Amino acid sequence: MDMDTINIIAMGITLVVLIIAVHYAGQHSVSPAESKQTVFEKNRRMEWIFFGIVLLVAFTIRIWDFGILPYGMNQDGAMGAVDAKALADHGTDRLGMYMPVHFTAWGYGQMSVLLSYLSIPFIKLFGLNPVTARLPVLIISMLAIAVLYLLIKEISGITPAQIALVLVSFTPWHFMQSRWALDCNMFPHMMLFGVFFLYRGIKYRKRNLYLSMVFFALCMYSYGVSFYTVPVFLLCSCIYLLVKRLIRVRDLLICIGIYFLISWPIYLTMLINTMRWPTIETPFFTIPFFPESMRSGDILFFSEHPWEQLVENAKALWNVFCRGDDMPWNTIHGFGTIFPFLVPFAMVGIAVVVTRFFKIGKRRVTETVSEEAEDPIPVDAVVEERPESEVKVERCGLVLLIFWLLTALFCGLITATVNVNRENILMYCMVIFAAYGVWTVFKQKKILLYILVPVFLFYGTVFQTTYHSQAYTDSMSLIFMGGFGECLDELEERDCREYYIDADCHFERALKVLELNVLFYLEVDSEFYRSEGFGEKYHFVADQPIPPDIPEGVGYVVPKSVADTLNSTQYSIIYHGNYAAVFWRESPDESKVD
């Protein structure tokens, strides 16, 4: 049975569960104050035991084959890691720019820097390899799981927080993004941390407000779309908090000061590249101008055909939200970003949070009415009576989630044909609102949750099995050039003085990608890379046959298909993945090694 059929069956179960929940909701209304406490709410020790077990399982599945799967390295991840090594060694990126606030990607483009700067300690201590390049994302992702739990617990209590904890720990998007190094995947985590401390600042001590600004500012160094999404979220939040008198003007001014103190270099970078001013060098960092790169065309307002682009953007956003099908490094077909059967719960959760925001805090109406009353008050009008300050704070938490969702939708509509990476600010929203949807079903009829649990466990098990399968490993190795690095290592072990890299090693014959992989796997010093010696030692060739007698000290990395055509009695050939290292004959009995 394929995943499309399984998804249809699971969606049918979901609809039945929701219909039953709506039926019971029509008979009576249940508020959090009126619902019976769970064992976790009665026993805080049990709550943290549950939290620890889920977190341990989440961490275990993420470190299983970590650094091995995905097999190979994504080209953007490798580039960020190479720049991190250059920064660790010399305080410059690989091109020689001193402490840039934005990277020069591929020699002309732009790339966010936060992940690379976070990678520096690991690369400095343990060298440059897939594990050290990916480790910061894994650590931040695990912290984000805990922070998400605490955020929902602060807003709505333990039960919805535990549901969110389980969902975020095992849903495909969060799992997959934590296992490979892509700069933009830091953005949703920084956004989550910012929202969490912002809410804690409102609920508890104001110093949390100031800390939230640090994370919102770091968003600007995480991904380009943050330039026009984070300010929108902050502006909406600021207006609401001032109107509701939840912050003082003095606190607001301090927050603005902290935010711009950290983020002004990236804003100046945007201004420099818009006005085409020259690069600014300071004793502490460099604010670069990218003469050959302008990404404004990706924004709807600068599109040549805005209405047509808006339609395409809306279609892409709908795909990300509902289907979640994307490139194989972001999603696996049939599993989406969150499991497909959870999408209806996310939609229900949105309605629940919006409704809760408007209804919370209404004065309790007694169920006891006079028999003579002509218009008795219905039972579903009963809501809890709570202190005004408590209600005000919870409404603030709910509205922050709503603003976050609206900001994510805004991002999807104005950014050209978003995929999971470009729209990753939406992913935590989907998990959060799906948790609220499941929580609503749980409140109406607890037995319905026991119907959903086996479905969720089934999806989680099948997803993990698929991710670790040989078929998925092989598909990713083709894209991430699995085996290429091992072939380079084979030549390095033999002290090659010259390396020849066949252009066909990359499926698009992109020599820049091959060059970047050489820098990554062989840990080439950035100063040597910028010297003439690099071109004398590493040769990237196209349509150049391997000579029959390879001189000692010269090696080739070629696709497996090319190596298979060679006479194994003339060369030493060692295979790794889809590639082969070919070099001089070491001994008469040398043979192919798989």
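Heads up: numbering here begins at 1 and tracks the sequence. As a basis for the values below, the full set of heavy atoms in this structure was taken, side chains included, without hydrogen atoms, waters or symmetry mates. Note that this is a predicted model, so its numbers are computed, not measured.
When every heavy atom of Ser169 is checked against every heavy atom of Ile61, the shortest pair comes out as O-CD1, 4.0 Å. Pairing each heavy atom of Met3 with each of Tyr459, the nearest pair is CE-CE2, 3.7 Å. Of all non-hydrogen atoms in Gly437 and Val348, the two that sit nearest each other are CA-CG1, 4.2 Å. Scanning both residues, Leu128 and Lys85, for their nearest heavy atoms gives CD2-CD, 3.8 Å.
In this structure, the ring of Trp48 has its center less than 6.0 angstrom from the ring center of Phe51. Between Phe216 and Tyr259, the ring centre distance reaches or exceeds 6.0 Å. Here the two rings, on Tyr428 and His174, have centers that are under 6.0 Å apart.
Put simply, the side chain of Asp326 gets close to the backbone of Val420: a donor and an acceptor are under 3.5 Å apart. Put simply, the side chain of Arg395 gets close to the backbone of Phe357: a donor and an acceptor are under 3.5 Å apart.
The distance from the OH atom of Tyr221 to the CG atom of Leu218 is 8.0 Å, given to the nearest 0.5 Å. Note that the CG atom of Leu401 and the CD1 atom of Ile155 stand 4.0 Å from one another [nearest 0.5 Å]. Rounding to the nearest 0.5 angstrom, the gap separating the CZ atom in Phe341 from the CD1 atom in Ile13 is 9.0 Å. Put simply, CG on Leu148 and CZ on Phe193 are 10.0 Å apart, with the number rounded to the nearest 0.5 Å. Separation of atoms OG1 (Thr417) and CD (Glu423) is listed at 11.5 Å; rounding is to 0.5 Å. For the atom pair Cys411 SG and Arg422 CZ, the distance stands at 9.5 Å (nearest 0.5 Å).
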Notebook entry, point to check: For Ser477 and Asp474, what are the C-alpha separation, side-chain angles and deciding distance, and is it a side chain to side chain donor-acceptor pair (under 3.5 Å)?
Noted result: CA-CA 5 Å; Ser477 70; Asp474 291 343; 4.7 Å; no
Next item on the list: Take Phe187 and Thr229 through the side chain to side chain contact (heavy atoms under 4.5 Å, CB included) test and state the conclusion after the steps.
Entry: CA-CA 11 Å; Phe187 177 36; Thr229 52; 3.6 Å; yes
Next item on the list: Please report the C-alpha distance between Phe50 and Met46 in whole Å, then the side-chain angles of each, then the deciding distance to 0.1 Å, and finally whether the side chain to side chain contact (heavy atoms under 4.5 Å, CB included) criterion is met.
Entry: CA-CA 6 Å; Phe50 179 84; Met46 289 293 295; over 6 Å; no
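Within the 4.5 Å cutoff, the side chain of Arg134 has no heavy atoms near those of the Arg179 side chain. Taking the side chain as every heavy atom from C-beta outward, Ile123 and Asn129 never approach each other to under 4.5 Å. With contacts defined as side-chain heavy-atom distances shorter than 4.5 Å, the pair Ser112/Met186 does not qualify. Contact annotation: the side chain of Pro130 approaches that of Phe520 to within less than 4.5 Å [non-hydrogen atoms, C-beta and beyond].
For the pairing with Gln177, the side chain to side chain contact (heavy atoms under 4.5 Å, CB included) check across Thr337, Asn185, Asn424 returns one residue only, Asn185. Checked against Phe175 for a ring pair (Phe, Tyr, Trp, His ring centres under 6.0 Å), the options Tyr467, Phe170, Phe335 give a single hit: Tyr467.
By the 30° and 60° cut-offs, the orientation of the rings of Phe463 relative to Phe339 is perpendicular.
The list of side chain to side chain donor-acceptor pair (under 3.5 Å) pairs with a residue in residues 513-522, not counting sequence neighbours, reads Glu515-Tyr529. For residues 146-164, the salt bridge (charged side-chain N to carboxylate O under 4.0 Å, His left out) pairs, not counting sequence neighbours, are Glu47-Lys153, Glu154-Arg200, Glu154-Lys203.
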